[in-house]
Amino acid sequence: MAKILLHGTEAICEGAIRNGCRAFFGYPITPQNEVPEYMSVKMPQVGGVFVQAESEVAAINMVYGAAGAGIRAMTSSSSPGVSLKQEGISYIACARIPCVIVNIMRAGPGLGGILPAQGDYFQATKGGGHGDYRLIVLSPSSAQEACDFTYRAFDLADRYRVPVMLLADGMIGQLMEPVELPPMRDLRDIPEKDWATSGHYGKDRRVLNSLLIDPEVLEPHVNALKRTYDEIAANECVAESMLTEDAEIVLTAYGTVARICKSAVQALRKQGVKAGWVRPVTLFPFPAETYAKVAAQKSVKVFLDVELSLGQMVEDVRLSVNGRKPVRFYGRTGGNITDEREIVQEALQALASVKEEQ
Amino acid sequence: MTSVKINEALCKGCGLCANACPKNVLSLSKHNMNAKGYFVAEVVNPQHCIGCTFCAIMCPDCAITVSE
Amino acid sequence: MKTFTKTKMLTDAPMHYCPGCTHGIVHRLVAESIEELGLQEKCIGIAPVGCAVFAYDYFNCDMQEAAHGRAPAVATGIKRCLPDRLVFVYQGDGDLASIGMAETVHAAARGENITIIFINNSIYGMTGGQMAPTTLIGQKATTCQKGRDPSVNGYPIRVCELLATLDAPYYIERVATHDVKHVLAAKRAIKKALQFQAEGRGYSFVEVLVSCPTNWHMAPVDALRFMGEECTKTFPLGVYRDKSEGKI
């Protein structure tokens, strides 16, 4: 199929629609307004539902209702709005309702700014709302991945009965790139949901609930959630790596920052510096083994983690590297984006610092 | 002849049934306590029942059945 | 002579409500109405947070338990996707008129084709008797122990009157449960509201005054008297909107 030029947000919408998303609930916030705008046009065309909710809080609860009734449903927002959704996401996780949440991150904290950032990593990967739960978190770095990962998010959500978050930085919400669209999924191919509250009576009736007031009931329930998260970790970790075989320094980043790092690695190689690159695609589950393997290589002297934050994913990188090698950090915030030149400089410094230590 | 039956296990002894009965068919027991510790409603004057079902209409716990 | 047996739209689970609380009556009225309309096979209910939080154990149909105040949004999600189902929402005053006021007003303003059963007992029951958005002036609560003082606590919110300023709602009525006559009227209103939804007429809302003997610190029969004599002064009973009879 030929590629077409798409905005990152449109790619997200097409990925959703083409994998059976038939309900979208959203609320305006920059920089993701193109998602609800696109969905307001497209949803009715495919027989789906679009509602502009009164708030992000209402939007995520509309997702709760629709997805609970068995429909593939999605909401989208940006950082401050995703904070508002956390209550609903926690209830959805406990009630085991599959759905997809898009966060096109902007700079925070607070109202922050509207430019790209990656400051919501902790919120996305460690739960975000109250209680013990996780989301599957997918991190696209291009419009093509924005489409493909959103498509995949619906299958993962249904398979494990968990909410899935597409965690995209603001650049995904701004760029336009060629995208090859997947074919439209036949809705009849989507497995039936034998738990969905779509109208049953008497002994067949179904309940979706997150109140388990008896500790003898709640503990087994959260333990079952944990088993699901462990299963997800075993099956669904995805990472990419490049030029790590002989690398002395390994650059690591997620989202669009990973692309900038990739260019930096090539620039470093041109200078004769043995640089490699690791990029987590799933942020939860975090591909710890990929890091552990690379860290165990003799050639590797240091990791450099680059983020548009004060250092969030770096904690998971350090846990995965587990003290085998030093992990340095470079971050920009406030909506500023790093570039190849800055990263090359940081990499050279990181390498020099560990050589001094030796 | 109408018969009023009280499911004593469900009764919480609130007395809304006796209060609603126009013929004083029902009364709260002073001795009969159920497993939850409530003194339950009792049918004391069954012969006066006119089958109005007011007791059942006011019972918050669906503890009353009225049959012919 | 009449007979009375419990509707099959209620499960056999014993209700957890305090003695004399008329929540149970309203559960029965909703359940009976659904059964009489023959809609039990198509029904999805939304339970609130508050005293009725366990409503999912009592209604014998599919149920979703919503977060505090969010039930109208949850119902919107279901009903928009499954328009041929009967979707009812059961909420108390703290849930509907305080934390969930935005969801309440906007579901009404959109004219969602859902039915809201609003339980007004003018107090937070489940949490132990705190002041509600509907607590009467002078009424005591654990967070206004000398009685609600408008200069400090503001005034009670009349939700039917507020929603009746919107264009979309099809049917809005306030009923009470303090005696047989009013319970029968409440049943008629609830059944009418559900029927309007089944006919696709749009948003229907029934506010039901309910007693809270425990947190009002009254015997159950006295609480009914208080409802009839005092609550109805602040919350006048009646039809606030009925487009089927041209009342706008």
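A, B, ... follow the sequence lines: proteins, then strands. Residue 1 opens every chain.
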* Asked: In terms of heavy-atom pairs under 4.5 Å, which option from A/V57, A/I97, A/I213, A/T197 contacts chain C the most?
  ->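 Answer, by heavy-atom pair count under 4.5 Å with chain C: A/T197.
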* **Choice from A/L208, A/D204, A/V63 maximising heavy atom contacts with chain C below 4.5 Å** => A/L208
Measure distances from [X] to the heavy atoms of chain C and classify the residue's part below 4.5 Å as side chain, backbone, both or neither.
| X | answer |
| --- | --- |
| A/A196 | backbone |
| A/V207 | both |
| A/L211 | both |
| A/F24 | neither |
| A/S90 | neither |
| A/F25 | side chain |
| A/I60 | neither |

* Has the side chain of C/D62 got a donor or acceptor atom that lies under 3.5 Å from a matching backbone atom of C/I44? -> no
* To do: Verify, without hydrogens or angle tests, whether C/T142 (side chain) and C/G129 (backbone) share a donor-acceptor contact under 3.5 angstrom.
  => yes
* Below 4.0 angstrom, N of the basic side chain to O of the carboxylate: do C/D242 and C/K192 qualify? -> yes
Any side-chain heavy atom of [X] sitting closer than 4.5 Å to one from [Y]?
| X | Y | answer |
| --- | --- | --- |
| A/V162 | A/Y229 | yes |
| A/S198 | A/H200 | yes |
| A/N103 | A/S79 | yes |
| C/Q197 | C/K79 | yes |

Does any backbone or side-chain atom of [X] lie under 4.5 Å from a heavy atom of chain A? Answer side chain, backbone, both or neither.
| X | answer |
| --- | --- |
| C/K8 | both |
| C/R85 | side chain |
| C/F54 | side chain |
| C/C61 | both |

* Asked: Who wins among C/E41, C/E65, C/Q64, C/K42 for the most heavy-atom pairs under 4.5 Å with chain A?
  ->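 Of C/E41, C/E65, C/Q64, C/K42, C/Q64 has the most heavy-atom pairs under 4.5 Å with chain A.
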* Are A/R161 and A/W195 in a cation-pi setup, meaning NZ or CZ lies under 6.0 angstrom from the ring centre and within 45 degrees of the ring axis? -> yes
We want to know whether [X] and [Y] form a side-chain donor-acceptor pair, criterion being a heavy-atom distance below 3.5 angstrom.
| X | Y | answer |
| --- | --- | --- |
| A/S40 | A/Q52 | no |
| A/Y151 | A/R18 | no |
| A/R205 | C/T11 | no |

* **Pairs touching residues 184-194 of chain A that satisfy side-chain hydrogen bond (donor to acceptor under 3.5 Å, both in side chains), sequence neighbours left out** => A/N19-A/R185, A/D155-A/R185, A/D158-A/K193, A/D186-A/R188
* Close contacts, residues 101-121 of chain C versus chain A, judged by heavy atoms under 4.5 Å -> C/A102, C/E103, C/H106, C/R110
* Heavy-atom neighbours of A/N223 CG exceed 12 at 6.0 Å -> yes
